[in-house]
S.K.: 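Dumping the structure here so I can ask a few things about it.
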Amino acid sequence: MTRRYAFVGLGHRAQMYVDALLGEWADAGEIVAFCDPNRTRMAYYNERLTAAGRPAVPCLPPERFGEALDAADAVVVTSVDATHARYVITSLEAGRDVVVEKPLTVDAGSCAAIADAAARSAGRIVVTFNYRYSPRNSAVRRLLADGAIGEVTSVHFEWALDTVHGADYFRRWHREQEHSGGLLVHKSTHHFDLVNWWLGARAELVYAQTDRRFYGADGAGATAAAGGPRPERARGAPGLGTDPFLLDLSADERLTRLYLDAEHEDGYHRDRDVFSPDVDIDDTMSLLVRYDSRAVLTYSLTAYAPWEGYRVAFNGTRGRLELDVCERVWTPPQAAIDPTASGKEHAAGTWEKLVLHRHWSEPETIDLAQGEGGHGGGDRLLLDDVFRGPGEDPLVRQAGFQDGIRSVLIGAAGRLSSRRGLPVRLTDEGTRLVAP
């Protein structure tokens, strides 16, 4: 039977799921309602429905979310992170299934509330961790599960966001802690979930140091960009077209339709200055995490690197496994001015390399399969799991609410640890925090 899906939160993140139900997964479900504070954004997606030969659906404000629930079997939540818990819990209480973008929520209190609602509900939660489905990350999981390096004793994980991708978090609502939980929750949730999944283990203790060193009014980037007062936003700014940190929304049709044309309704500006005093999240983060398996993770996130990618190394009792990924070799200065400038024409020279080092053996480079679509074909596999079910998956890639909670709480614990200068414990199988 075709499932009926309601969508809440109609920003750019919703498009992958909307387009999936209008395309390859059209037989698996139909869209029956949209819910968002902004009618212009909902109208944009209704146009996509009608262009695909589907009827337009009701466009409902948040206070009428109950009507969307009445029409649906399941809800896709792609709203602002801090609102996830409200929609997830309300959907569960109505007995609906939920598909929610990471992070599941933004703090320990709402994690506990979601866990309580899930325990009482027949509804099911799927958290869309698409990085699990990337062939390179799946290959790591397979090798570790097969014991290729024995018992994992330590992990070193470094993630670099460049001045296209990293900077963009400081233009949007993500730059405000109350909305996103900061990058340790919004972005690093992806990475913590990967480690949790790779190891099949639960975090017990987190110690962190974080700071804002590049973005914001006092960051090094603001000093380098000095030359007069900074604009509040890019549109209409004298430096638009020459300042690489000013995003030109009008250069991209989708950004124009979803944000520039929608400003008159809610006053939300998608192109705010990354060096604004309103920025209150950190851009430089380091964590030490101890797991119940006795493995230790050292983790680093930098949001202003000149290239984008990640490096992760696993030390084990029988060897070492290293994954080295470059997703963008360099950042062209026009990338923010023109969002299309950071596409495939700048992808030449990117790489991914997985090397297995066994004790007393020569290094072995592992072949990595590539599929079609985003994340090496991983997005297609994720969508198949979301809309058709996971089937028999020995890697257990589909993530539930406990996976979402365990990843969020590492970030939340890191934020608390950095603020207090003390380690933070996770208890109840890694699903609750014990403050120092």
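Remember, predicted model here, so these are calculated numbers, not experimental data. Throughout, residue positions are numbered sequentially from 1 according to the sequence presented.
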S.K.: H179: which residues meet the ring pair (Phe, Tyr, Trp, His ring centres under 6.0 Å) condition with it, sequence neighbours left out?
M.R.: none
S.K.: Check for a donor-acceptor pair, side chain of E265 on one end and backbone N or O of T40 on the other, with a separation under 3.5 Å.
M.R.: yes
S.K.: Examine distances only and state if a side-chain atom of S154 and a backbone atom of A295 form a donor-acceptor pair shorter than 3.5 Å.
M.R.: no
S.K.: Roughly how far, to the nearest 0.5 Å, is CZ of R136 from OH of Y131?
M.R.: 6.5 Å
S.K.: Short question: side chain of T78, backbone of G9 - any donor-acceptor pair under 3.5 Å?
M.R.: yes
S.K.: Is it true that, when you exclude E24 itself, more than 12 heavy atoms of the residues, nucleotides or ligands shown sit nearer than 6.0 Å to its CD?
M.R.: yes
S.K.: Return the minimal non-hydrogen interatomic distance between P423 and Y207, and the atom names on each side.
M.R.: N-CD1, 3.7 Å
S.K.: Quiz question: by atom type and distance under 3.5 Å, do the side chains of Y44 and R48 form a donor-acceptor pair?
M.R.: yes
S.K.: State which residues pass salt bridge (charged side-chain N to carboxylate O under 4.0 Å, His left out) with D283; sequence neighbours excluded, sorted by chain then number.
M.R.: none
S.K.: With a 6.0 Å cut-off (strictly less than), is the heavy-atom count around CD of E253, excluding the residue itself, greater than 12?
M.R.: no
S.K.: Is the shortest distance from a Lys or Arg side-chain nitrogen in D393 or R132 to a carboxylate oxygen in the other one below 4.0 Å?
M.R.: no
S.K.: F401: what forms a ring pair (Phe, Tyr, Trp, His ring centres under 6.0 Å) with it, not counting sequence neighbours?
M.R.: none
S.K.: With heavy-atom distances below 4.5 Å as the criterion, would you say the side chains of N46 and C59 are in contact?
M.R.: yes
S.K.: So, the side chain of T90 versus the backbone of R86: is there a donor-acceptor pair under 3.5 Å, distance only?
M.R.: yes
S.K.: Judged by modelled atom types alone, do N130 and H190 share a side-chain donor-acceptor pair under 3.5 Å?
M.R.: yes
S.K.: Would L183 and M285 count as a side chain to side chain contact (heavy atoms under 4.5 Å, CB included) if you check the C-alpha gap in whole Å, the side-chain angles of each, and the deciding distance to 0.1 Å?
M.R.: CA-CA 9 Å; L183 289 183; M285 287 143 275; 4.1 Å; yes
S.K.: Using a cut-off of 6.0 Å, state whether more than 12 heavy atoms not belonging to R54 lie near its atom CZ.
M.R.: yes
S.K.: Please check: side-chain N/O of T189 versus main-chain N/O of P103, any donor-acceptor pairing under 3.5 Å?
M.R.: no
S.K.: Looking only at the side chains, is there a donor atom on one of Y169 and S180 sitting less than 3.5 Å from an acceptor on the other?
M.R.: no
S.K.: Counting the benzene-type ring for Trp, do F387 and Y5 have ring centres under 6.0 Å apart?
M.R.: yes
S.K.: How close do W197 and L395 get, counting heavy atoms only, and between which atoms?
M.R.: NE1-O, 2.9 Å
S.K.: Can you check whether W198 and F314 have ring centres sitting under 6.0 Å from each other?
M.R.: yes
S.K.: Has N38 got a side-chain atom pairing as donor or acceptor with A262's backbone, closer than 3.5 angstrom?
M.R.: yes
S.K.: If you apply the rule side chain to side chain contact (heavy atoms under 4.5 Å, CB included), what do you find for E176 with D280, and how did you get there?
M.R.: CA-CA 6 Å; E176 295 155 354; D280 69 2; 4.3 Å; yes
S.K.: If the condition is side chain to side chain contact (heavy atoms under 4.5 Å, CB included), which residues does S276 pass it with, not counting sequence neighbours?
M.R.: R175, D278
S.K.: Going by the rule salt bridge (charged side-chain N to carboxylate O under 4.0 Å, His left out), which residues pair with R233 if we only count those two or more places apart in sequence or in a different chain?
M.R.: E263, D271
S.K.: Could you note down all residue pairs passing ring-ring contact (aromatic ring centres under 6.0 Å, His included) where residues 66-94 supplies at least one of them, sequence neighbours left out?
M.R.: F65-Y87
S.K.: Nearest 0.5 Å, what's the CG-CG distance between L194 and L199?
M.R.: 10.5 Å
S.K.: Less than 6.0 Å separating the ring centroids of F7 and Y17?
M.R.: no
S.K.: With sequence neighbours left out, write down each residue that passes side chain to side chain contact (heavy atoms under 4.5 Å, CB included) with L381, or none if nothing qualifies.
M.R.: Y133, R397
S.K.: How far apart are the closest heavy atoms of R388 and A28, and which atoms are they?
M.R.: CG-CB, 4.3 Å
S.K.: Locate the shortest heavy-atom distance separating V408 from V106; write the atom from each residue and the value.
M.R.: CG1-C, 4.2 Å
S.K.: Is it the case that more than 12 heavy atoms not belonging to R235 sit under 6.0 Å from its CZ atom?
M.R.: no
S.K.: Answer yes or no: is there a side-chain heavy-atom contact under 4.5 Å between V312 and V140?
M.R.: no
S.K.: Please give me the minimum heavy-atom distance between A201 and S293, naming the atom from each residue.
M.R.: CB-OG, 3.8 Å
S.K.: Would the distance check show the side chain of Y291 and the main-chain N or O of V195 forming a donor-acceptor pair, the cut-off being under 3.5 Å?
M.R.: no
S.K.: Taking the six-membered ring for Trp, are Y299 and H191 parallel (under 30°), tilted (30 to 60°) or perpendicular (over 60°)?
M.R.: tilted
S.K.: With a sphere of 6.0 Å drawn around CZ of R213, does it hold more than 12 non-hydrogen atoms of other residues, nucleotides or ligands?
M.R.: no
S.K.: Please name all residues satisfying side chain to side chain contact (heavy atoms under 4.5 Å, CB included) with D168, sequence neighbours left out, ordered by chain then number.
M.R.: R171, R172, L247, R270
S.K.: Output all residues satisfying salt bridge (charged side-chain N to carboxylate O under 4.0 Å, His left out) with D282, sequence neighbours left out; order by chain, then residue number.
M.R.: R212
S.K.: Could you pull out the closest heavy-atom pair between T50 and P55, with the gap in Å?
M.R.: CG2-C, 4.5 Å
S.K.: Take atom CG of D218 as the centre, draw a 6.0 Å sphere, and report whether it contains more than 12 heavy atoms from other residues, nucleotides or ligands.
M.R.: no
S.K.: Apply side chain to side chain contact (heavy atoms under 4.5 Å, CB included) to the pair L69 and V75, showing each step before the final yes or no.
M.R.: CA-CA 7 Å; L69 284 177; V75 180; 3.5 Å; yes
S.K.: Who pairs with D324 by side chain to side chain contact (heavy atoms under 4.5 Å, CB included), at least two apart in sequence or on another chain?
M.R.: R311, W351
S.K.: So, do L246 and D273 sit near enough that their side-chain heavy atoms are less than 4.5 Å apart?
M.R.: yes
S.K.: Between E352 and V325 (side chain of the first, backbone of the second, donor and acceptor by atom type, cut-off under 3.5 Å), is there such a pair?
M.R.: no
S.K.: Supply the atom-to-atom distance D162 CG to T302 OG1, rounded to the nearest 0.5 angstrom.
M.R.: 12.0 Å
S.K.: Has S407 got a side-chain atom pairing as donor or acceptor with G404's backbone, closer than 3.5 angstrom?
M.R.: yes
S.K.: If the plane angle is over 60° it's perpendicular, under 30° parallel, otherwise tilted; pick one for F245 and F214.
M.R.: tilted
S.K.: Determine, step by step, whether M16 and T128 satisfy the side chain to side chain contact (heavy atoms under 4.5 Å, CB included) criterion, reporting the C-alpha distance in whole Å, the side-chain angles of both residues, the deciding distance to 0.1 Å, and the verdict.
M.R.: CA-CA 12 Å; M16 180 173 76; T128 54; over 6 Å; no
S.K.: I need the full list of salt bridge (charged side-chain N to carboxylate O under 4.0 Å, His left out) pairs touching residues 288-307, with sequence neighbours left out, sorted by first then second residue.
M.R.: R202-D292, E204-R290
S.K.: Kindly write out the residues that satisfy salt bridge (charged side-chain N to carboxylate O under 4.0 Å, His left out) with R141, not counting sequence neighbours, or none if the list is empty.
M.R.: none
S.K.: Between R96 (side chain) and A94 (backbone), is there a donor-acceptor pair under 3.5 Å?
M.R.: yes
S.K.: Using the rule given for salt bridge (Lys or Arg N to Asp or Glu O under 4.0 Å), can you reason through R230 versus D243, listing the C-alpha separation, both sets of side-chain angles and the distance that settles it, and then say yes or no?
M.R.: CA-CA 11 Å; R230 296 292 304 175; D243 185 333; 2.9 Å; yes
